[in-house]
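Reminder, nothing fancy here: chain letters follow the sequence lines and each chain counts from 1.
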Number of protein chains: 2
Amino acid sequence: MPKAQSIADEVRRRIVELKWRQGERIPDEADLAVEFDAARATVNKALQVLADEGLLDRKRRAGTRVAINPVSKATFSIPIVREQVEEAGMAYSHRVVAQRLSPIPAQIAARLGLPEGELLVHLRAVHYADGKPYQLEDRWLNPRAAPGLQQAGFRDLNANEWLVRNAPYLRAEFSFSAENADRRDARLLQTRQGQALLILHRTTWNDLGPITTVRVAFQPGHRFGAGEGRDHAG
Amino acid sequence: MPKAQSIADEVRRRIVELKWRQGERIPDEADLAVEFDAARATVNKALQVLADEGLLDRKRRAGTRVAINPVSKATFSIPIVREQVEEAGMAYSHRVVAQRLSPIPAQIAARLGLPEGELLVHLRAVHYADGKPYQLEDRWLNPRAAPGLQQAGFRDLNANEWLVRNAPYLRAEFSFSAENADRRDARLLQTRQGQALLILHRTTWNDLGPITTVRVAFQPGHRFGAGEGRDHAG
DNA sequence: CTTCAAAATAAGTATAGACATATCTGCTGT
DNA sequence: ACAGCAGATATGTCTATACTTATTTTGAAG
């Protein structure tokens, strides 16, 4: 095991076992280097890891303190829905329900930071697993931030897959909420009106501007998990 | 701006602008060190950052490639609800609805990795903002993993706050789902039965075992956001 | 042509040394 | 008492060097 990592583990252990308490100052890098018989750079690396994890707060001259409230990093992948379904051993299919160039409403404009009424591609599609609705996408696409999108053809484009493979992004925003299924949601997901649905809003940007924003409505009962250090799907 | 960071930014730019495409091999550390006039250690640090972000896949001898699978990291903190409410300029209050030592049902046992029937503290509480229900907690606490919990007294304990301040954890798991409010949810959140509720399940562990698992039901309409990512696509 | 071992390679890790920079502490003079 | 400056100090960053380790390539032996 790498030395830096074993130092990080030991420091983590001391924090979890309350040997070093929240808000308390811990020995400086030089002292720890002596204690662990390592170079200062190695101790520095270990402590930086813990600071990234949110366990330590570090400030020049002021030293290193145990963070007051720890932060958890969860990892989301933006999955290719087809692969996700197939990995679960089910047959994937996909249907584009609607698709046209359309002026964006105020709410979407605000989310994207574009002027209201700008023309973007509006796409509604359903992903199926073994013929049953799996998730429902309501998506706006900005061809200006994703050159090549026009050529990809919109007729039966699987936007999710095309974007994952062709449009790297610099920034993303996620939010979760819950909504009662309206008439359309219920019809497309083949469930009853009023059914509680987990809704994920996701927007991505690159240096040319917003790429896409999407509202994903999951199949009733779906659980979206995120555990520390693990890759998870959605 | 630190050199390592500007190298990372430049590499990121080349990926986003498709100069280096997915799956493609990028120059090795030594070559990049020459190009950017830096030591190899500095280039290494920059590329490690990008690999952590999920943008690059690195393997000894095989070199560094642009990652195929997009991964986005979002950071959750476990908030102190009281502070969250007060920061929004509202008055916080809190009510413990039920609380007793109770054998855990199978579902909770499975989630915690403990034997069914083990005695844990079961707690139900409501957090209020300006007198209106803000969120509803249904929590199981393991005193064995959080010594001092007994002394903290369960009568009107704000478990959320006590835990954040006194029980650092090593691992956490989150999941989101949506549920229609049942009778009890509706009563405690002062909403109608059937209302779609965003549900967060959260479990934390330290080296002594599971600390707590909690089901949080948010006020109707609540949106749980997580921003900041940096990778691929859609 | 196959198998397997040795060589080459690129990343992984650690080190000592140096300098930069933020910020805390204490001193100084008014 | 107080403002402001000077030093001290802990972390931030970079470099050159060395050695380690996983993996691919090569090439020799069967």
Side-chain angles (χ1 to χ4, degrees), chain A residues 1-15 19-68 70-71 73 229, chain B residues 1-15 19-69 71 73 75 230-231:
Chain A
M1 175 186 277
K3 211 163 181 174
Q5 198 185 313
S6 69
I7 293 172
D9 286 350
E10 172 60 17
V11 172
R12 216 186 332 256
R13 203 183 57 80
R14 291 183 189 177
I15 293 169
K19 181 168 176 179
W20 290 337
R21 296 181 164 265
Q22 321 219 159
E24 204 171 291
R25 181 147 169 224
I26 76 171
D28 67 36
E29 293 184 348
D31 290 349
L32 291 174
V34 171
E35 183 192 338
F36 292 113
D37 186 32
R40 185 170 76 89
T42 307
V43 173
N44 180 276
K45 194 177 175 189
L47 297 186
Q48 296 240 13
V49 166
L50 297 179
D52 277 354
E53 284 178 13
L55 221 51
L56 296 176
D57 282 333
R58 321 192 69 205
K59 265 189 359 204
R60 272 177 172 147
R61 160 72 200 192
T64 299
R65 293 175 177 281
V66 179
I68 305 274
V71 163
K73 270 183 186 146
Chain B
M1 176 186 276
K3 210 163 182 174
Q5 197 184 316
S6 71
I7 293 172
D9 286 349
E10 172 60 17
V11 172
R12 216 186 335 256
R13 203 183 57 78
R14 290 183 190 178
I15 293 169
K19 182 168 176 180
W20 290 337
R21 295 180 165 267
Q22 299 185 243
E24 204 171 291
R25 178 143 172 228
I26 76 171
D28 67 34
E29 293 183 348
D31 290 349
L32 291 174
V34 172
E35 181 190 341
F36 292 115
D37 186 31
R40 185 170 77 90
T42 306
V43 173
N44 180 275
K45 194 179 175 186
L47 297 186
Q48 296 240 14
V49 167
L50 297 179
D52 277 355
E53 286 178 11
L55 252 192
L56 296 176
D57 282 334
R58 320 192 69 206
K59 266 190 356 204
R60 274 177 169 142
R61 161 74 205 200
T64 299
R65 294 174 177 280
V66 180
I68 309 250
N69 289 66
V71 167
K73 276 178 185 152
T75 305
R230 211 167 243 157
D231 302 303

Hey, which of these two, A41(B) or R40(A), hits DNA chain C nearer its 5' end, going by closest nucleotide?
A41(B)
Both D37(A) and R61(B) contact DNA chain C. Which one's nearest nucleotide lies toward the 5' end?
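Between the two, 5'-proximity favours R61(B).
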With a 4.0 Å limit, can you tell me whether [X] has a side-chain N or O closer than that to the phosphate oxygens OP1/OP2 of [N]?
X	N	result
R58(A)	dA10(D)	no
T64(A)	dA10(D)	no
K3(B)	dG12(D)	no
T42(B)	dT15(D)	yes

Answer yes or no: is there a side-chain heavy-atom contact under 4.5 Å between R12(A) and D9(A)?
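Yes, close enough: below the 4.5 Å cut-off.
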Rounded to whole Å, please give me the gap between [atom1] in [X] and [atom2] in [N].
X	N	atom1	atom2	result
D57(A)	dT23(C)	CG	P	13 Å
I7(A)	dT15(C)	CD1	P	8 Å
N44(A)	dC19(C)	CG	P	18 Å
D28(A)	dT23(C)	CG	P	18 Å
E29(B)	dT15(D)	CD	C1'	15 Å
L47(B)	dC14(D)	CG	P	13 Å
I26(A)	dT9(D)	CD1	P	19 Å
K59(A)	dT21(C)	NZ	P	19 Å

Can you name the closest pair of heavy atoms from A46(B) and I7(B) and give their distance?
CB-CG2, 3.8 Å
Of all heavy-atom pairs between L47(A) and R58(A), which one has the smallest distance, and what is that distance?
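Heavy atoms only, the tightest pair is CD1-NH2, 3.3 Å.
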Residues E53(A), L50(A); criterion side chain to side chain contact (heavy atoms under 4.5 Å, CB included); working and verdict
CA-CA 5 Å; E53(A) 284 178 13; L50(A) 297 179; 3.8 Å; yes
Once you apply a heavy-atom cut-off of 4.0 Å, does A4(A) come out as touching a base, just sugar-phosphate, or nothing?
sugar-phosphate
Touch class at under 4.0 angstrom, heavy-atom based, for R65(A) against every strand present:
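Counting heavy atoms under 4.0 Å across all strands, no contact is made by R65(A).
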Return yes if the base of dT23(D) and the side-chain atoms of R60(B) contain a donor-acceptor N/O pair under 3.5 Å, otherwise no.
no
Any carboxylate oxygen within less than 4.0 angstrom of a Lys/Arg side-chain nitrogen, looking at R14(A) and E24(A)?
no
